[in-house]
Amino acid sequence: MFGKRLVIGVPWFWLLLFFAIPFLIVFKISFSWMQPIQPGYAPLFSWVEETQRFVATLNLSNYEVLFRDPLYLNTFLYSIKVAAISTVLCLLVGYPMAYAIARCKPSTRNLMLMLIILPFWTSFLLRVYAWIGLLKTNGVINNTLIALGIIDQPLTLLYTDFAVYVGIVYSYLPFMILPLYANLEKHDLTLLEAAADLGASPTKTFFRVTLPLSMPGVVAGCLLVFIPAVGEFVIPSLLGRTDQLMIGTVLSAQFFGARNWPVASAVAIALLLALLIPILLFQRYQRRELEAAKR
Amino acid sequence: MTQKTVDRAQEYVRIEAVTKRFGDFVAVDGISLSIFKGEIFCLLGGSGCGKTTLLRMLAGFESPTSGRILIDGQDMAGIPPHERPVNMMFQSYALFPHMTVESNVAFGLEQEGLAKTEISRRVAEMLDIVKMGEYGRRKPHQLSGGQRQRVALARALVKRPKLLLLDEPLGALDRKLREHTQFELINLQEQLGVTFVVVTHDQEEAMTLASRIGVMNKGQIVQVGTPTDIYEFPNSRFVADFIGSVNLFEGQLVEDEPGHVRIRCAELDSTVFVDHGISAAPDAKVAVAIRPEKIELSREAPSGDENRAHGVVKEIAYMGDMSVYLVRLDSGRVVRVTIPNSERHADQRVVWEEPVYLSWEPSSPVVLTV
């Protein structure tokens with residue numbers, strides 16, 4: 001009994017220490033006033049000598065800024081758009097790859113999965129920098145295309161939305177492929193034979209049988225790509241447009257550049273709330289699936 | 001056992017010298033076979049005998065390495081499964097887990113592009129036939145094994161195939177349900193006039209269902225015949241041994257007349273007299289097969305000095321409807337005898353260690369040359 005509590009207790013303790021407490025701190029800061037001296041924000045509760053009272057100073061203006069300044073709404077919507085398009089691209093690229101791996105011989109499968117995970121062994125930052133070398137005006141891609149005579153003038157690839165999509169799809173693809181593979185690999189292949197036997201062409205079979213059965217994998221993969229992609233700031237800072245920021249970049253600029261922790265915290269909380277919606281939807285979906293499987 | 005008259009003139013499936021190799025392994029070895037319209041044909045054999053491979057070739061999931069398969073006169077070479085006039089009931093049932101019973105059954109009709117009203121009418125009709133009408137909105141995981149089997153059957157039959165392939169159709173059901181379902185299958189088959197090809201490793205299942213059985217061994221068909229043919233007139237030691245239980249005695253032909261033969265077996269103390277002629281070389285080594293239920297046990301010596309043996313009862317197994325006696329002959333050979341328990345009181349029955357005489361009719365032994 002004690003052992004069981006201990007085993008369950010460790011992750012709870014971990015979450016409390018490294019998630020719940022930091023979150024509460026950030027939540028608290030988001031209601032503070034900014035002040036130029038350390039720690040950068042005023043305390044929420046203070047003892048006022050003159051009136052002999054305990055005073056709580058709650059500042060809602062940090063949140064108000066988010067709605068008043070179009071920068072925030074604009075970057076937030078742009079981030080959602082970039083993340084959504086990247087997620088769809090990841091799905092379109094990742095699904096066939098996961099499918100192919102799942103249908104390989106078991107011995108080949110492990111090799112293929114190794115190859116998918118292999119890039120993780122290099123620094124993420126380094127891999128994003130490498131894309132600069134590929135995409136820049138006199139980079140590998142432009143030089144190759146000019147040498148082949150396909151184009152005369154170098155294309156503007158770097159510092160565009162396109163470069164951000166490339167960066168995100170490249171970096172997050174394994175997060176799409178792995179849950180999809182885990183799902184597709186479990187499929188009962190006699191179901192495909194049954195569909196064929198009942199007169200469905202391979203295309204029909206895919207859309208009526210394989211795709212619906214792989215939806216849990218699709219949803220898991222999409223969330224694993226979409227959620228971190230919304231808050232992504234390394235890829236858009238290195239590869240993206242200079243005239244259009246993503247919310248992660250703004251957040252990081254407020255924290256480290258402007259040192260406005262209260263507003264930065266408000267941005268973080270707002271972002272978290274916005275991302276909570278898809279997570280909750282996913283959990284509800286998963287619960288329904290689980291209940292269906294139990295019955 | 002069902003004995004049905006099948007119109008032999010109407011050949012529906014024709015398998016011509018079909019061979020299937022997987023690498024070096026020959027799964028199906030030059031099988032030629034005709035299956036007639038409206039019959040229940042059972043492919044019977046142990047695991048790895050090639051029966052499932054043959055069935056999968058009919059469905060189009062495998063293509064023959066050589067040979068031809070014709071269904072209704074049409075060569076099936078190069079025709080993918082979804083374009084064949086054949087439906088299959090899978091051993092695992094292969095119901096779509098994300099669809100309701102209704103959608104499962106409707107799936108095949110939707111592929112034919114029928115009108116929605118027509119589809120729902122035919123689905124409802126078919127679910128009624130298999131007595132699953134009330135379960136249309138359920139998902140497969142909410143059904144019992146027997147109910148899933150019915151849905152699988154309905155899904156395959158709703159397309160009104162001329163040929164239905166069944167892979168171990170009753171394999172996943174418990175014994176009581178199996179027997180019940182067997183008779184339902186036969187009724188359904190008669191009602192709809194579909195040709196069934198059933199694959200099974202269960203000889204009882206084959207005997208009950210089939211109008212004809214093809215016994216398979218090592219990729220070949222060793223005997224084709226009605227259940228009675230196969231049981232009473234096996235053509236080889238393999239078939240005699242595979243179907244039911246049998247006592248096999250190796251022996252030598254000592255007298256070979258058109259109307260009868262005499263065989264001497266080392267393990268029996270009298271010669272075996274068989275009241276029909278056989279075709280074998282003189283002095284050929286043959287085997288005599290006698291079914292356990294065709295041997296009689298008695299305390300007194302039977303008349304005549306042929307078709308008899310003497311031994312001691314070593315084991316008795318009471319099975320309810322009958323008892324199995326293992327009798328050790330004077331030669332040391334153990335013979336299996338089954339006696340129906342037609343009386344409730346066991347006073348007259350022989351007991352352990354009792355010396356007994358074994359005897360059988362001259363029509364009972366089957367002489368096997370291969």
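Letters A, B, ... are given to chains in the order of the sequence lines, protein chains preceding strands, and every chain is numbered from 1. These figures come from a predicted structure and were not determined experimentally.
Between Phe120(A) and Phe175(A), the ring centre distance stays below 6.0 Å. Taking the six-membered ring wherever Trp is involved, the centroid distance between the rings of Tyr165(A) and Tyr170(A) does not fall below 6.0 Å.
If you measure heavy-atom distances from Arg155(B) to chain A, the contacts under 4.5 Å come from both the backbone and the side chain. For a residue to count as touching a neighbouring chain, one of its non-hydrogen atoms must lie under 4.5 Å from one of that chain's; by this rule Gln91(B) does not touch chain A. Only the side chain of Phe61(B) comes within contact range of chain A, with heavy atoms under 4.5 Å apart. For Leu109(B), no part sits under 4.5 Å from any heavy atom of chain A, backbone or side chain. Using a 4.5 Å cut-off between heavy atoms, Met89(B) does not touch chain A at all.
Cation-pi geometry between Arg103(A) and Tyr99(A) is met: the NZ or CZ atom falls under 6.0 Å from the ring centre, inside 45° of the normal.
Counting heavy-atom pairs closer than 4.5 Å to chain A, the top residue among Val86(B), Leu95(B), Asn87(B) is Asn87(B).
With 3.5 Å as the limit, one finds a donor-acceptor pair spanning the side chains of Ser34(B) and Glu11(B). Judged by distance alone, the side chains of Thr190(A) and Asp188(A) do bring a donor and an acceptor atom under 3.5 Å apart.
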